[in-house]
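Shown next, in structure tokens, is the structure this report addresses.
Quick note on labels: first sequence line is chain A, next is B, and so on, each numbered from 1.
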Protein chains: 4
Amino acid sequence: MLLNLDLRSSMPIYEQIKLGILGKILNGELKRDDVLPSIRELASILRVNPNTVIRAYKELEIEGILIARQGIGFLVNAEIQTTRGIFMAVLQKELLEPIRKAKRSGIELEEIIEVVKELWKNTE
Amino acid sequence: MLLNLDLRSSMPIYEQIKLGILGKILNGELKRDDVLPSIRELASILRVNPNTVIRAYKELEIEGILIARQGIGFLVNAEIQTTRGIFMAVLQKELLEPIRKAKRSGIELEEIIEVVKELWKNTE
Amino acid sequence: MLLNLDLRSSMPIYEQIKLGILGKILNGELKRDDVLPSIRELASILRVNPNTVIRAYKELEIEGILIARQGIGFLVNAEIQTTRGIFMAVLQKELLEPIRKAKRSGIELEEIIEVVKELWKNTE
Amino acid sequence: MLLNLDLRSSMPIYEQIKLGILGKILNGELKRDDVLPSIRELASILRVNPNTVIRAYKELEIEGILIARQGIGFLVNAEIQTTRGIFMAVLQKELLEPIRKAKRSGIELEEIIEVVKELWKNTE
DNA sequence: GTGGTCTAGACCACT
DNA sequence: GTGGTCTAGACCACC
């Protein structure tokens, strides 16, 4: 499982792993009841410490996306729909504060959308 | 000077103070050559450590928004226009990560804009 | 033999198999000298690893509930009475930790009993 | 802060720490906005590894009981009422399965309550 | 000083 | 083999 980590990013590695897995569920590459690579295996592939993978897997488990089974591994628990819903909720929560502040300071909606489009274009 | 700090937010307090001051310049509450509250005074009002206020003032000074004058304190140096540019830069920085995440996970630009509009409508 | 395994539960699978068999003895579905499904057959029905079934059968054998007979398989050895005792012991083991936690945190006995009654009423 | 850990218990240490803190909130020893002992300090007091304390604190943070602030420490976020509610919900969830199984196997409500009382009496 | 992240590696229970 | 827990210790940002 390839995940395109950016070790120089300010986003924590475990967060990048979480996002990568969520993305693979969203695009259908991972389906309900699929078994993820084992902690040790993924850690070895990504060249990170097993604890870092553990953290990503466990947080996804808490969020209901994955399920852990001793002796078996981590299974995908969520359907695409659910995952998408969770994702949008998180997005909404993250955008709330910046937008609120912008509005309070007299920035117009159109300007924000312009910024969003700009960022989207320059993001890989 | 009231600033509506959210001590529970993940955004550093000095960052919130900076934004609060920028906002007040943007909406005209603070004008060029106005004197800001002293470090100790603001720290006492906000119930934060003076070092935190110092950091906010100093960074705003480096960015050219404020000017330090011995015996007087910190003065507003920037016009609304400059401030606006900085504010937009901050906004851009805040939106970068969420948008990058969304894009990587297969969310479409239109969906994000929809969320932004929704949040805008339901805000304050 | 259908056993209603919950692969997502935190209870080990072999434990669920043991409980399922005990339950069937308790409600009369299995009687003394009945022959259980072979290890490979049950493993195939339940879609679990044969080792898991082996562990369940072996532990029930140790507890005196089952008897292994070469060439025949595992037979039910216990009467309902014995099984009932074992079942109560299991129940006790399962309730121990939650109750200990509750007591340590200042929950009162009456409150727990209330919860138990509530759950009992709303169950199946 | 004394917490009465039982290193020989099968309950993980981080779980015991969580319960201890929840208990102190429940009995009023810790109130909203109180600052908990720092990770290093509590680890040193309890003679466990800082990571173990981190895990307890972070899980309580996820559950909304605590709030982390860089440079300050962990604050109590929940009122007694909320904490109690969370606690009862967890208790209910933990008791659900055992009680369901018991009911299915012909155990009577009175027998379960008897077991609960017995466990309560023998628990410290 | 504080928490946040990450590495390295141990021992255990479960399949 | 798998995940679950725990120890030991590093470097960073923030107050």
Side-chain angles (χ1 to χ4, degrees), chain A residues 5 7 9-17 35-44 46-59 61 66-75, chain B residues 5 7 9-17 43 46-56 59, chain C residues 5 7 9-17 43 46-56 59, chain D residues 5 7 9-17 35-44 46-59 61 66-75:
Chain A
L5 293 194
L7 297 184
S9 157
S10 72
M11 195 191 304
I13 298 177
Y14 74 87
E15 189 73 32
Q16 296 183 48
I17 296 176
V35 180
L36 290 174
S38 81
I39 290 174
R40 293 160 175 80
E41 188 187 343
L42 186 53
S44 140
L46 301 179
R47 315 263 208 93
V48 300
N49 189 285
N51 278 324
T52 306
V53 176
I54 287 177
R55 173 151 190 193
Y57 278 15
K58 292 227 75 166
E59 293 203 0
E61 187 193 9
L66 300 183
I67 289 214
R69 285 195 29 218
Q70 295 246 132
I72 305 268
F74 280 83
L75 311 183
Chain B
L5 293 195
L7 300 185
S9 158
S10 69
M11 193 191 306
I13 295 176
Y14 75 89
E15 193 73 35
Q16 295 186 48
I17 296 176
L46 302 179
R47 308 248 218 107
V48 300
N49 192 296
N51 283 323
T52 307
V53 177
I54 289 177
R55 176 155 183 186
E59 293 201 4
Chain C
L5 293 194
L7 300 184
S9 158
S10 70
M11 193 192 306
I13 295 175
Y14 75 88
E15 192 74 35
Q16 295 186 49
I17 296 176
L46 301 178
R47 310 250 215 103
V48 300
N49 193 296
N51 283 324
T52 307
V53 177
I54 289 177
R55 175 155 185 185
E59 294 201 2
Chain D
L5 293 194
L7 297 184
S9 158
S10 72
M11 195 191 305
I13 298 176
Y14 73 88
E15 190 73 31
Q16 297 184 48
I17 296 176
V35 180
L36 291 173
S38 81
I39 291 175
R40 292 160 176 80
E41 188 187 343
L42 185 54
S44 142
L46 302 178
R47 311 262 209 95
V48 300
N49 188 284
N51 279 324
T52 306
V53 177
I54 287 177
R55 175 151 189 192
Y57 278 15
K58 293 227 73 165
E59 293 203 359
E61 187 193 9
L66 299 183
I67 290 213
R69 283 190 38 213
Q70 295 247 132
I72 305 269
F74 280 82
L75 311 183

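For Tyr14(D), the side-chain atoms get nearest to dT5(F) when compared with the rest of dT15(E), dT5(F), dC6(E). Listed nucleotides: dG4(F), dT15(E), dT5(F). Nearest to the side chain of Pro12(D): dT5(F). Nearest to the side-chain atoms of Arg55(D) among the listed nucleotides dT15(E), dT5(F), dG4(E) stands dT5(F). The side chain of Arg40(A) lies closest to dG3(F) when the candidates are dG9(F), dC15(F), dG3(F). Out of dT2(F), dG3(E), dT5(F), the shortest distance to the side chain of Lys58(A) is found at dT5(F). The side chain of Gln70(D) has dC14(F) as its nearest neighbour among dT5(F), dC14(F), dT5(E).
Sequence order on DNA chain E of the closest nucleotides to Leu36(D) and Asn49(A) puts Leu36(D) first from the 5' end. Comparing Ile72(D) and Pro37(A) along DNA chain F, the residue whose closest nucleotide (by nearest heavy atom) sits nearer the 5' end is Pro37(A). Projected onto DNA chain E by closest heavy-atom contact, Thr52(C) and Arg47(A) fall at different nucleotides, the more 5' of which corresponds to Arg47(A).
A 4.5 Å side-chain heavy-atom check between Arg69(D) and Ile13(B) finds at least one atom pair inside the cut-off. At least one side-chain heavy atom of Phe74(D) sits less than 4.5 Å from a side-chain heavy atom of Ile39(D). Under the 4.5 Å side-chain criterion, counting only non-hydrogen atoms from C-beta, Leu46(B) is not in contact with Thr52(B).
In this structure, Met11(D) places its CE atom 18 Å from C1' of dC12(E), rounding to the nearest Å. Taking atom CG of residue Leu46(C) and atom C1' of nucleotide dT15(E), one finds them 14 Å apart after rounding to whole Å. Atom CD1 of Ile54(A) and atom C1' of dT7(F) are 13 Å apart (whole Å). Summarising the geometry, the separation between CG on Leu42(A) and P on dT2(F) is reported as 12 Å, rounded to the nearest angstrom. Put simply, CD1 on Ile17(A) is 9 Å from P on dT7(E), counting in whole angstrom units. Counting to the nearest Å, the C1' atom of dC11(F) and the CG atom of Leu7(A) are 15 Å from each other. Separating the CD atom of Glu15(D) from the C1' atom of dC6(F) is a distance of 15 Å, rounded to the nearest angstrom. Rounded to whole Å, the distance from CD on Glu59(A) to P on dG4(E) is 12 Å.
Contact between Ala56(D) and Ile17(D) at its shortest, heavy atoms only, is CB-CG2, 3.6 Å. Residue Tyr57(D) comes nearest to Leu36(D) through the heavy atom pair OH-CB, 3.6 Å, listed as atom of the first residue, atom of the second, then distance.
Of the possible polar contacts, none joining the Gln70(A) side chain to the Pro12(C) backbone as a donor-acceptor pair under 3.5 Å is found.
Heavy atoms of Asn51(B) sit nowhere under 4.0 angstrom from any nucleic acid atom. Residue-level contact check: Tyr57(D) touches neither bases nor backbone, having no heavy atom under 4.0 Å from any strand.
The base of dG3(F) has none of its N or O atoms less than 3.5 Å from a complementary donor or acceptor on the side chain of Arg69(A).
The partner of dG9(F) is dC6(E), judged by Watson-Crick or G-U wobble contacts that both fall below 3.5 Å.
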